[in-house]
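Read the structure below first, then the notes.
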Amino acid sequence: MSGMTRRNFIRALGAGSATAALAACGAMPGKSGKAHVVVIGGGPGGATCAKYLKRFDSSIQVTLVEPNTEFYTCFGSNWVIGGLAQMSDIKQSYASLKDKHGINIVHDMATGIDPVNRKVTLKGGGTLSYDKLVVSPGIDFKWEGIEGYSEAAIETMPHAWKAGPQTTLLRRQLEAMPDGGTFVMVAPGNPFRCPPGPYERASMVAHYFKTHKPKSKIIILDNKEKFSKQGLFVAGWKALYGDMIEWVQSTKGGKVERVDVANKMLYADGGLTSFKGDVVNFIPSQKAGKIAFGAGLTNDAGWCPVDQMTFESTLHKDVHVIGDSSVAGTMPKSGHSANTQGKVTAAAIVLALQGKPMEAPSFVNTCFSLVGPEYGISVAAVYKFTDGSIKGVQGAGGVSPADAPLSFRKQEANYARGWYASITDDTWG
Amino acid sequence: MIRRTVTAALVAAGVGLALTPMTATSADISRAKILASTCFTCHGTDGHSPGSIPSIYGFPAEIMIATMKGFKDGTRAATVMNRHAKGYTDEEIELLANYLSQIKR
């Protein structure tokens with residue numbers, strides 16, 4: 001549709017008449033100044049989108065709805081679990097978005113969306129009217145499907161896949177575990193938030209064990225056959241931790257079918273294979289954030305289909321879904337993806353409100369992982385919109401070189417921390 | 001290229017000023033602006049890095065172009081920028097470099 005508008009505009013100019021050009025300009029709604037954009041979710045997707053809406057057009061009214069007054073980033077939370085960082089290091093506030101960028105911050109929970117009348121209802125009883133809505137609710141968990149497992153299990157077997165009290169709980173369990181104990185992680189099948197995350201977490205736990213509880217073991221029970229940056233992780237584990245980490249793929253007994261939460265037992269292969277953990281980190285399968293379901297924004301797979309040029313929902317007009325909940329071509333579900341999607345969506349909304357065609361979108365993802373405090377690896381990609389969906393640019397991107405010297409790993413560990421400083425500043429600063 | 005054509009057409013028609021009221025609320029959202037915003041995730045908003053990753057604002061365009069092309073063809077060593085630079089055409093690198101060069105502070 002945007003392409004059509006552009007063509008029409010150029011055709012009007014091509015007619016060679018200045019009057020036609022002026023008429024085209026005059027027909028532009030130019031109402032962005034009065035527009036109200038509501039953003040649901042103050043994570044890397046929503047916060048970035050809110051900030052860049054204001055940067056692209058300061059006259060737009062932007063309201064960000066987020067229940068928490070402070071936000072703990074999922075990225076960096078593995079560093080807390082490994083003892084390299086504290087919770088205060090991964091805490092972000094909404095003060096800059098409010099005071100520096102003029103965003104109206106509403107600390108409430110969005111409970112419903114009425115896409116016909118363009119209204120958002122809040123848990124606190126209020127209602128917000130919008131011209132454009134951005135929904136960035138992150139992930140929700142699938143509690144069903146594993147015998148013996150339920151939401152109540154997270155107090156015993158934390159997922160720690162949303163940063164906050166769960167992160168602290170897992171860290172405390174690891175601290176309380178005796179030397180010689182076993183840490184078992186259950187890693188989810190695709191797609192899920194932060195593809196390298198489980199393996200960075202295993203690395204960070206291994207670092208903690210190596211320095212505090214060297215007789216301990218780590219078992220990863222995986223619901224898949226391969227994982228992100230696998231070659232680099234496995235090589236890094238061997239170099240730093242010997243054989244401390246054992247990875248069990250889904251067809252070799254890694255697919256957990258039943259759990260005994262109280263005894264921290266996990267069963268696979270119809271009960272033929274069992275594992276007992278002293279600490280169990282069960283990361284469930286995932287789906288779009290809860291509000292997306294109630295609002296009718298999800299497909300049969302439980303994620304939100306969007307026009308991948310503008311992130312406008314293909315199911316509801318004037319509603320954009322970004323971040324983990326969206327189906328964004330080949331982009332991974334990551335904070336970095338959400339951040340760049342937030343910017344593209346901000347541009348799409350501002351241009352639409354100004355009656356202008358969308359420019360070509362561009363996206364980037366870079367996931368740094370720490371294998372050890374001085375040993376970093378990365379995967380990167382540049383994405384473009386081609387043939388109706390977002391695809392990685394051929395010949396670009398990829399993982400860190402396999403044969404790099406330790407100095408290279410050290411530099412990437414340094415950049416991993418720099419990346420954290422930059423993305424959090426770009427999102428909330 | 002399209003944008004240049006549009007501007008040229010308007011200027012030729014003597015209605016260049018007509019663009020101003022249309023964009024009174026903000027600077028244009030150009031392709032370069034969208035492209036550059038993707039850099040800011042790692043290099044900081046407007047290319048001002050708060051941490052260990054280098055800042056990228058205010059460099060003369062020719063220096064940034066040479067640097068990016070060096071990353072792209074592998075003649076300049078990097079950790080991750082070689083992999084990123086290959087994702088952009090020479091035209092996009094020039095757009096980016098020009099845009100970033102104009103951010104002074």
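Naming convention: chains lettered A, B, ... in sequence-line order (proteins, then strands); numbering from 1 in each chain. On a predicted model such as this, the values are computed, not experimentally measured, just so you know.
From B:L96, atom CG reaches atom OG of A:S362 across 8.0 Å, with rounding to the nearest 0.5 Å. Note that NE2 of B:H43 and CD1 of A:I423 are 12.5 Å apart. Values are rounded to the nearest 0.5 Å.
A:W419 approaches B:I53 most closely through the heavy-atom pair N-CD1, 3.4 Å. Contact between B:Y88 and A:V364 at its shortest, heavy atoms only, is OH-CG2, 3.3 Å. Nearest heavy-atom pair across A:V393 and B:G87 is CG2-O, 3.8 Å. Here the closest non-hydrogen pair linking A:G395 and B:K86 is O-CD, 3.3 Å. The two residues A:A347 and B:I34 come nearest to each other via the heavy atoms CB-CD1, 3.9 Å.
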Quick one: do A:K343 and B:T38 satisfy side chain to side chain contact (heavy atoms under 4.5 Å, CB included)? Show the steps, please. CA-CA 8 Å; A:K343 292 166 183 171; B:T38 66; 5.8 Å; no

Determine, step by step, whether B:T79 and A:S378 satisfy the side chain to side chain contact (heavy atoms under 4.5 Å, CB included) criterion, reporting the C-alpha distance in whole Å, the side-chain angles of both residues, the deciding distance to 0.1 Å, and the verdict. CA-CA 9 Å; B:T79 50; A:S378 65; over 6 Å; no

Taking it one step at a time, do B:D28 and A:K356 satisfy side chain to side chain contact (heavy atoms under 4.5 Å, CB included)? CA-CA 10 Å; B:D28 258 354; A:K356 295 179 193 169; 3.4 Å; yes

After noting the C-alpha distance and the side-chain angles of A:S400 and B:R83, does the key distance pass the side chain to side chain contact (heavy atoms under 4.5 Å, CB included) rule? CA-CA 9 Å; A:S400 311; B:R83 288 175 267 157; 3.5 Å; yes

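Most heavy-atom pairs under 4.5 Å with chain A: of the set B:G44, B:P50, B:G51, this distinction falls to B:P50. Among A:A421, A:P44, A:G429, the residue with the largest count of heavy-atom pairs under 4.5 Å with chain B is A:A421. Among A:T366, A:T48, A:T340, the residue making the largest number of heavy-atom pairs under 4.5 Å with chain B is A:T366. Note: B:T41 leads B:L35, B:T41, B:T45 in heavy-atom pairs under 4.5 Å with chain A.
For chain B, the nearby part of A:P361 is the backbone; its heavy atoms alone come within less than 4.5 Å. Residue A:Y420 does not touch chain B at all, counting heavy-atom pairs closer than 4.5 Å. For A:N339, the part sitting under 4.5 Å from any heavy atom of chain B is the side chain, from C-beta outward, and nothing else. Contact of B:A32 with chain A is not made at all, since no heavy-atom distance falls under 4.5 Å.
For the residue pair A:R55 and B:S37, no side-chain donor N or O sits within less than 3.5 Å of a side-chain acceptor on the partner.
Within residues 406-415 of chain A, the residues having any heavy atom under 4.5 Å from a heavy atom of chain B are, by residue number, A:F408, A:Q411, A:E412, A:N414, A:Y415.
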